[in-house]
Structure formats: structure tokens, C-alpha cells
There are 2 protein chains.
Amino acid sequence: MNTNNAAVSHSKNSTAARRKPRQARAQKRHDQILDITAELLDSVGIDGITTISIAKELNISVGSLYHYYPNKVAILCALASRWLNEMTRTISAVDENIAEHSDIASYVKVYTHKIIAMYKRQRGILPLVQAMYAIPEVRQLDEQHDLLMLARLANAFKHFGCKANKTELERIARIYHETTYICSMAIVDQQGRKASRSEADLNQMLNALLANYF
Amino acid sequence: MNTNNAAVSHSKNSTAARRKPRQARAQKRHDQILDITAELLDSVGIDGITTISIAKELNISVGSLYHYYPNKVAILCALASRWLNEMTRTISAVDENIAEHSDIASYVKVYTHKIIAMYKRQRGILPLVQAMYAIPEVRQLDEQHDLLMLARLANAFKHFGCKANKTELERIARIYHETTYICSMAIVDQQGRKASRSEADLNQMLNALLANYF
DNA sequence: ACCTGAACACCGTTCAAGT
DNA sequence: ACCTGAACACCGTTCAAGT
């Protein structure tokens with residue numbers, strides 16, 4: 001009794017969707033399942049969700065539900081993945097327009113602003129994502145997503161003439177990313193009041209972090 | 001089906017320990033239960049823990065276990081509480097010696113260092129705390145703990161002559177606290193390599209945050 | 001008085017039987 | 001072929017019966 005195996009007999013083999021969505025109809029069902037799951041997550045919380053309740057809401061049987069996803073974790077994973085992809089897409093836009101910025105400070109400002117705006121828009125689902133964070137598979141997804149963002153950041157820093165080597169670049173990007181993430185969450189939490197001031201404070205911290213390396 | 005009730009019939013009335021530990025023997029049992037739970041958390045993960053496994057490890061029956069704690073969540077809560085208190089105690093020491101510091105920068109440096117050292121010492125249990133974070137009661141405990149730390153920080157800032165009003169003080173303390181927390185986690189994660197440099201970067205960010213208010 | 005563990009209520013997952 | 005939902009395996013919690 002010493003290795004980290006969940007030791008449950010329930011099948012958790014794959015967390016991927018079961019049938020490839022060749023037909024538009026099947027894809028629609030997959031999406032519907034995620035929509036319903038998101039709604040239930042909101043109304044009954046992550047502990048209140050049951051596979052039967054999801055199936056019932058869709059007017060299909062549990063067995064049918066298991067045609068689309070191999071298990072409950074897979075459904076939650078797919079939902080998390082959809083959210084993460086949405087975020088990535090939003091932020092990618094900043095990077096694609098990197099030519100717009102003449103210096104790093106300008107980039108930092110827009111980057112911060114976009115992230116906060118996005119978190120604000122998704123205010124309702126943030127606690128849900130947080131609740132799902134307990135699921136190891138979701139955590140892994142999030143880490144992959146982070147790696148992508150870190151690579152982007154490191155690239156942008158180099159583009160603006162950062163004088164750090166590769167290892168250092170990775171390290172700074174990590175601190176930059178984590179700081180932006182946690183402060184954006186805090187800013188979104190504090191319901192509008194003085195949020196612009198907080199955003200300025202975050203920018204100041206980020207610029208101070210980068211100052212030594214430019 | 002719209003309010004956020006867990007809707008389970010399991011009794012979750014109180015999360016406090018059941019019998020007041022009047023006798024030293026009962027207190028010892030309470031501690032033993034938490035010790036065993038921490039061990040199991042480490043070996044089988046939070047999803048692998050069962051009340052029966054805890055009882056078995058203690059050589060008592062499940063029924064007996066329920067004499068000491070009203071339910072499984074209460075046990076995990078008590079464990080989290082023990083950890084949080086340990087942390088609070090460690091950090092309180094910095095505040096009690098506030099007179100040692102002539103300026104805010106000196107305070108920031110020691111504060112950062114103590115926090116990182118503490119996280120390093122608890123490296124093993126940090127992922128466990130993170131896993132427990134999914135439990136709403138644990139989250140609440142953590143928030144209470146945070147409020148305490150924030151009050152401390154705001155006080156210290158004022159002591160060193162911070163020119164911010166009460167609302168602003170709270171806001172800055174929050175950003176300070178969150179940034180320290182997330183960066184310390186990141187620093188501890190990166191296994192020693194270049195950690196001292198990261199610590200310097202964190203300090204620089206914190207000082208930049210405070211600069212406008214002193 | 002105190003402890004035990006079978007029994008009950010749930011929920012995730014499967015698969016034999018229906019269409 | 002596809003869907004159904006009773007059945008099975010688990011786990012948290014209780015409480016009648018034992019000491």
C-alpha cells in the first residue's frame with residue numbers, strides 16, 4: 001500500500017472522447033453533453049454531478065452517455081479542454097499582433113489588459129474550473145496549456161530584445177505567467193472597485209521583473 | 001435544480017471534531033487519525049483514501065473512527081487546519097520581530113525568505129494540500145487563514161510608513177500576498193536550480209509594487 | 001459504557017436483453 | 001446496429017447487537 005495508484009476497479013483507461021466525431025450529429029451530441037455538464041456544474045456543484053443526472057437532462061440513458069465519453073472524468077476533462085482552448089485562442093491574438101508594439105512595456109500593458117478582460121468575461125466559470133482542478137487529468141491539461149503560454153512569452157521577450165539566456169528566459173516567463181495569473185484572479189474577484197489601479201500595480205511589478213533583463 | 005446544495009443524504013452537519021479532547025488519550029487518538037490520514041494521502045492519493053482504510057490502519061472499526069470525527073471531510077479539514085496553523089506560527093515569528101527592520105525593503109526580504117524556506121520544508125505536503133483544496137470546507141479554512149495574513153501585512157506596511165488609506169492597504173496586501181504565494185510555489189517547484197535568482201526577482205517585484213505607496 | 005461490522009444509501013460503470 | 005436500465009462494485013455512514 002505505498003504506490004500512488006488509485007486502486008479503484010472502475011475503468012479509467014482513456015480520457016479521450018470515445019467516437020471520433022465524423023458526423024456532425026455526433027459532434028453536436030458531444031457539445032451538448034459538455035453544455036449540460038457546465039450547467040449542472042453551476043447549479044449543483046462538482047460533487048452534485050452524477051452521470052445519471054447528465055443523461056437524464058439530455059433525455060438519453062446512462063449507457064448511451066457512455067457511448068460518447070468513456071467515463072465521468074473524461075467528460076469533465078473535455079469541458080476543461082474546451083475552456084482552455086477558448087482562452088488560448090483569445091491570447092494568441094495578442095501574440096499575432098506583436099508587431100504593433102514598439103517596446104516591451106507596451107506589450108506587457110496590452111497582454112495584462114487582455115488577460116484580465118478575458119477572466120472578467122469568464123467570471124462565472126472560473127470557480128468551476130477551480131473545482132475541477134482537483135481532477136489529476138484536468139491538472140495535466142492545464143499544465144500543457146501553461147507550457148504553450150510560456151513558450152509564447154519567452155518568444156515575445158526575445159523579440160523585444162531580452163538579454164537572458166534560454167534557461168533564464170524560461171524562468172522569467174514562469175514568474176511572469178504565474179504573477180499575471182494570480183493577480184488577474186484577485187483583480188477579477190474584487191468586483192470592479194479600484195480594479196484599474198490594481199491593473200497598474202500588476203503592470204508595474206511585471207516591468208520591474210523584466211527591467212533587469214533588458 | 002438551481003441552488004448550490006450538494007443534495008446528498010450523507011450527514012455533513014458539523015466538520016468539527018466530535019468529542020472535546022478533555023483527556024490526553026482522546027487528543028492523542030485525534031492526532032493519530034490525522035497522522036495516518038496524511039500518510040495515506042501521500043501513498044494512495046486523495047481519491048484512494050477510504051474511511052475504512054483509515055480505521056484499519058489504526059486497528060479500530062469504522063464505527064469507532066466516527067466517534068472522533070463526524071465524517072471524512074471533517075478529518076481532511078482537521079488535517080488542513082493543522083498544516084495551516086503550523087504555517088501561521090512560522091510566519092508570525094517574522095511579525096513579532098518587526099522591530100529588527102529599519103525599512104520596508106528589509107522586511108520584504110526576510111518575509112520572502114521565510115515563506116520560501118517554509119514551503120521548501122513542506123514540499124512533500126504541498127501537493128496534498130492542493131488536492132484537498134477541492135473540498136469547500138478546506139477552501140474556507142484557507143480563506144480565513146489568508147485574512148489573518150492580510151491583516152498582518154497591512155499592519156506591517158503601515159508600521160513602515162505606507163501612505164495608502166485603509167481600502168488601498170487591503171488591496172495592496174492582497175496583491176502582495178498572492179504574488180508571494182504563487183511565486184514561492186513556482187520557486188519551490190523548480191528544484192533548487194536558480195532559486196536564489198528567482199527569489200531576488202520576486203523581491204524586486206514586491207518592492208516595485210510598494211514603491212508607489214511609500 | 002464502548003466497540004463492532006453488517007446493512008443501507010449512493011453513484012460510477014457495464015452488459016445482457018430489448019428495439 | 002443501437003439503446004436501455006437493472007445489476008454490480010464501491011464507499012460513506014449508521015445503528016442494532018455484542019462485550
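Every heavy atom of this structure was used, including side-chain atoms; hydrogens, water molecules and symmetry mates were not. Chain letters run A, B, ... following the sequence lines, proteins first, then strands; residues in each count from 1.
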Without decimals, in angstroms, what is the distance between B:Lys56 NZ and D:dC11 C1'?
13 Å
Assess, by modelled atom type and distance only, whether the side chains of B:Asn203 and B:Glu199 contain a donor and an acceptor separated by less than 3.5 Å.
no
Could you state the CZ-C1' distance from B:Arg29 to C:dC3, rounded to the nearest angstrom?
11 Å
Is B:Leu65 touching bases, backbone alone, or none of the nucleic acid, heavy atoms closer than 4.0 Å?
nothing
Partner lookup for C:dC8, please. Criteria are Watson-Crick or G-U wobble with both distances under 3.5 angstrom; report none if nothing qualifies.
D:dG12
Among C:dG12, C:dT4, D:dT4, find the nucleotide with the atom closest to the side chain of A:Tyr66.
C:dG12
Carboxylate-amine/guanidinium contact A:Arg82 A:Glu86, below 4.0 Å
no
Decide ring pair (Phe, Tyr, Trp, His ring centres under 6.0 Å) for B:His159 and B:Tyr107; before the verdict, give the C-alpha distance in whole Å, the side-chain angles of both, and the deciding distance to 0.1 Å.
CA-CA 11 Å; B:His159 174 268; B:Tyr107 174 86; 8.4 Å; no
Take A:Lys72 and B:Gly63, find for each the nucleotide of DNA chain C with the closest heavy atom, and name the residue whose nucleotide sits nearer the 5' end.
B:Gly63
Atom CD1 of B:Ile60 and atom C1' of C:dT4 are separated, to the nearest Å, by 11 Å
Mind checking if A:Thr50 touches a base, just sugar-phosphate, or nothing, with heavy atoms under 4.0 Å?
sugar-phosphate
For the side chain of B:Asn71, starting at C-beta, report the closest nucleotide among C:dC3, D:dC3, D:dT13.
D:dT13
Using atom NE2 of A:His67 as one end and atom C1' of D:dG5 as the other, report the distance to the nearest whole Å.
13 Å
Residues A:Leu169 and A:Cys162: closest non-hydrogen pair is CD1-SG, 3.6 Å
I need the CD1-C1' distance between B:Ile52 and C:dG5, as an integer number of Å.
9 Å
Taking B:Arg174 first and then B:Glu178, would you say they form a salt bridge - that is, a charged N and a carboxylate O separated by under 4.0 Å?
yes
Whole-Å distance, A:Ile49 CD1 to C:dG12 P, equals 9 Å
For the pair made of CD1 in A:Ile75 and P in C:dC11, what is the distance, rounded to whole Å?
15 Å
Looking at the side chain of B:Thr51, which of C:dT14, D:dG12, D:dC3 is the nearest nucleotide?
D:dG12
Pairing partner (Watson-Crick or G-U wobble, both distances under 3.5 angstrom) of C:dT19
D:dA1
Length of the line joining A:Tyr68:OH and C:dT14:P, which is rounded to integer Å
17 Å
Taking C:dT13, C:dT4, D:dT13 as options, the one with an atom nearest any side-chain atom of B:Ser61 is C:dT4
